[in-house]
Amino acid sequence: MIVGYNGDMRIFSWNVNGIRAVLKKGTLQDFMREQKPDVICLQETKAKQGQAEVDFEGYEEIWNSAERAGYSGTAIFSRQKPLSVRFGMFDAQNEAYEWVDAFGDARTEGRVLTAEYPDFFLVNAYVPNSKGELERLGYRESTWDKALLEYISELEKTKPVVICGDFNVAHTEIDLARPKQNTHNAGFTAEERRGMDNYLAHGLVDTWRALHPEEVKYTWWSYRGGARAKNVGWRIDYFLVSADLRERVVAAEIFDDVMGSDHCPIMLELA
């Protein structure tokens with residue numbers, strides 16, 4: 001077990017929307033100094049290892065970058081070296097679904113990165129966006145959501161799972177500022193929300209909502225129309241945990257005052 005300041009483990013997740021940009025601003029370095037995470041999972045890194053000036057002393061660096069330059073990608077920085085690392089899902093999922101569509105092949109986009117620790121798997125995920133005209137909604141529903149849930153189920157046969165990242169969906173009306181205007185828009189369609197329903201029906205726990213059932217906080221704001229200043233946002237970044245880990249969840253936080261990206265960091269603390 002990685003030990004934090006209270007004898008607990010603090011895991012952070014942040015879609016940085018380009019690690020080179022957030023490093024250039026200094027916000028990622030400042031955040032690492034202030035929070036001293038045991039583990040931090042990044043999404044949308046848009047870089048390969050070595051393309052960014054990253055120097056976080058005492059951390060193992062694990063990158064799963066997209067084949068396409070400057071696109072997608074995930075990374076994990078961990079104080080403790082994981083027991084094992086997996087890039088992408090299992091062969092069973094890779095072979096069972098139709099992964100190639102007009103926008104590409106999610107298997108080549110560095111969207112899933114898994115680190116194994118002594119008592120759980122940590123899955124860092126960057127879920128594909130359904131696109132402005134919902135061109136990728138069917139892909140989300142028939143391939144991605146099903147495959148990811150199958151992958152989690154397979155991992156759980158060995159040990160419990162913590163999965164975090166940008167899921168590109170607001171689950172219920174409390175999770176976005178303007179639900180009625182967005183019922184047919186990417187991120188709040190019935191199909192995408194049903195995908196989250198299925199994760200929870202499987203037994204995964206939305207840790208933020210479990211600890212903050214009525215609180216309104218967001219993790220993403222459009223760059224348009226001064227949305228962040230007005231707090232017209234969406235909660236689309238999550239920490240989900242296997243039911244076996246629910247009693248170990250000490251805290252779940254959203255750092256909506258941290259700038260540097262159109263997303264903000266989130267945190268899970270495990271006893």
Side-chain angles (χ1 to χ4, degrees), residues 12-18 21-22 25 27 31 41-44 46 71-72 101 103 106 111 125-145 148-149 163-201 204-240 251-268:
F12 290 76
S13 175
W14 193 0
N15 179 322
V16 291
N17 194 7
V22 81
K25 296 169 189 171
T27 46
F31 188 75
C41 298
L42 305 180
Q43 303 89 42
E44 207 170 357
K46 297 183 179 179
Y71 183 72
S72 187
D101 70 355
F103 296 93
R111 291 184 178 272
Y126 177 36
V127 176
N129 188 294
S130 293
K131 302 294 183 183
E133 300 299 319
L134 304 181
E135 303 98 324
R136 226 177 186 190
L137 181 59
Y139 187 82
R140 276 281 297 272
E141 185 177 29
S142 63
T143 294
W144 180 273
D145 285 340
L148 186 60
L149 186 53
I163 178 166
C164 67
D166 176 2
F167 280 73
N168 263 312
V169 61
H171 184 215
T172 65
E173 291 193 355
I174 195 175
D175 295 314
L176 73 165
R178 295 175 177 168
K180 289 181 173 55
Q181 295 96 314
N182 285 289
T183 52
H184 300 294
N185 291 337
F188 198 59
T189 63
E191 293 86 348
E192 292 162 311
R193 296 167 68 190
R194 190 158 54 239
M196 183 59 70
D197 286 339
N198 292 337
Y199 294 132
L200 303 186
L204 294 171
V205 178
D206 175 355
T207 57
W208 164 262
R209 193 52 71 205
L211 269 60
H212 307 271
E214 305 296 332
E215 189 169 350
V216 175
K217 267 197 172 186
Y218 306 126
T219 66
W220 174 81
W221 302 261
S222 171
Y223 281 132
R224 300 173 185 168
R228 188 151 191 178
K230 300 170 187 173
N231 200 29
V232 178
W234 302 52
R235 187 177 73 97
I236 61 175
D237 301 84
Y238 297 80
F239 270 103
L240 308 180
E253 300 297 340
I254 293 173
F255 293 82
D256 55 359
D257 59 340
V258 174
M259 310 300 281
S261 169
D262 51 349
H263 294 250
C264 73
I266 59 175
M267 185 273 288
L268 172 69

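Values in this document were obtained by computation on a predicted structure and should not be read as measured data.
Using a 4.5 Å heavy-atom threshold, the side chains of Leu42 and Asn15 count as separate. Between Asp262 and Ser222 there is no side-chain heavy-atom pair separated by less than 4.5 Å. In this structure, Glu191 and Leu134 have side chains that are not in contact, with every pair of non-hydrogen atoms separated by 4.5 Å or more. Inter-residue side-chain proximity for Ile163 and Phe239 is flagged as unmet; no heavy-atom pair is nearer than 4.5 Å. Inter-residue side-chain proximity for Val205 and Leu240 is flagged as unmet; no heavy-atom pair is nearer than 4.5 Å. Side chains of Arg111 and Ser72 form a contact here, defined as non-hydrogen atoms less than 4.5 Å apart.
A distance of 14.5 Å separates OH of Tyr126 from SG of Cys164, quoted to the nearest 0.5 Å. In this structure, Phe188 CZ and His171 NE2 are separated by 9.0 Å, a value rounded to the nearest 0.5 Å. Rounded to the nearest 0.5 Å, atoms CG (Leu211) and CD (Glu253) are 8.5 Å apart. Of the inter-residue distances, the one linking Ser130 atom OG with Glu135 atom CD reads 9.5 Å to the nearest 0.5 angstrom. To the nearest 0.5 Å, atom CZ of residue Phe167 and atom OG1 of residue Thr219 are 11.0 Å apart. Here the SG atom belonging to Cys264 is positioned 8.5 Å from the CH2 atom belonging to Trp14, to the nearest 0.5 angstrom.
Among Asp256, Asn17, Asp237, the single residue meeting the side-chain hydrogen bond (donor to acceptor under 3.5 Å, both in side chains) criterion with His263 is Asp237. When each of Asp101, Thr143, Asn168 is paired with Arg136, the side-chain hydrogen bond (donor to acceptor under 3.5 Å, both in side chains) condition holds for Asp101 and for no other.
Closest approach of Gly260 to Thr27, counting heavy atoms only: CA-OG1, 3.8 Å. Shortest non-hydrogen contact noted between Val169 and Met196 is CG1-CE, 4.1 Å. Residues Arg228 and Val258 come closest through the heavy atom pair NH2-O, 2.9 Å. Closest heavy-atom contact between Pro128 and Tyr139: CG-CE2, 4.5 Å. Minimum heavy-atom separation, Ala125 to Gln43: O-CG, 3.6 Å. Between Lys217 and Ile254, the shortest heavy-atom distance links the atoms NZ-O, 3.2 Å.
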Check against side chain to side chain contact (heavy atoms under 4.5 Å, CB included), Asn198 and Leu149:
CA-CA 8 Å; Asn198 292 337; Leu149 186 53; 4.2 Å; yes

Set out, in order, the CA-CA distance, both residues' side-chain angles and the distance that settles side-chain hydrogen bond (donor to acceptor under 3.5 Å, both in side chains) for Asp166 and Tyr238, then state yes or no.
CA-CA 7 Å; Asp166 176 2; Tyr238 297 80; over 6 Å; no

Do Phe31 and Phe255 pass the ring-ring contact (aromatic ring centres under 6.0 Å, His included) test, and can you show the C-alpha distance, the side-chain angles, and the key distance before you say yes or no?
CA-CA 10 Å; Phe31 188 75; Phe255 293 82; 5.7 Å; yes

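Figure legend: Arg235 and Tyr218 shown without cation-pi pairing, the cationic atom not lying both under 6.0 angstrom from the six-membered ring centre and within 45 degrees of its axis.
Under a 4.0 Å N-O distance rule, the pair Glu192/Arg140 qualifies as a salt bridge. We find that Arg194 and Glu141 are joined by a salt bridge, their nearest charged nitrogen and carboxylate oxygen being less than 4.0 Å apart. Electrostatic pairing of Lys46 and Glu44 counts as a salt bridge here, judged by a charged N lying under 4.0 Å from a carboxylate O.
More than 12 heavy atoms of other residues, nucleotides or ligands lie within 6.0 Å of CD in Gln181, so this atom counts as buried by the packing criterion.
No hydrogens or angles considered: a donor-acceptor pair under 3.5 Å links the side chains of Tyr199 and Asp145.
Proximity of a side-chain donor or acceptor of Ser142 to a complementary backbone N or O of Gly138 within less than 3.5 Å is detected.
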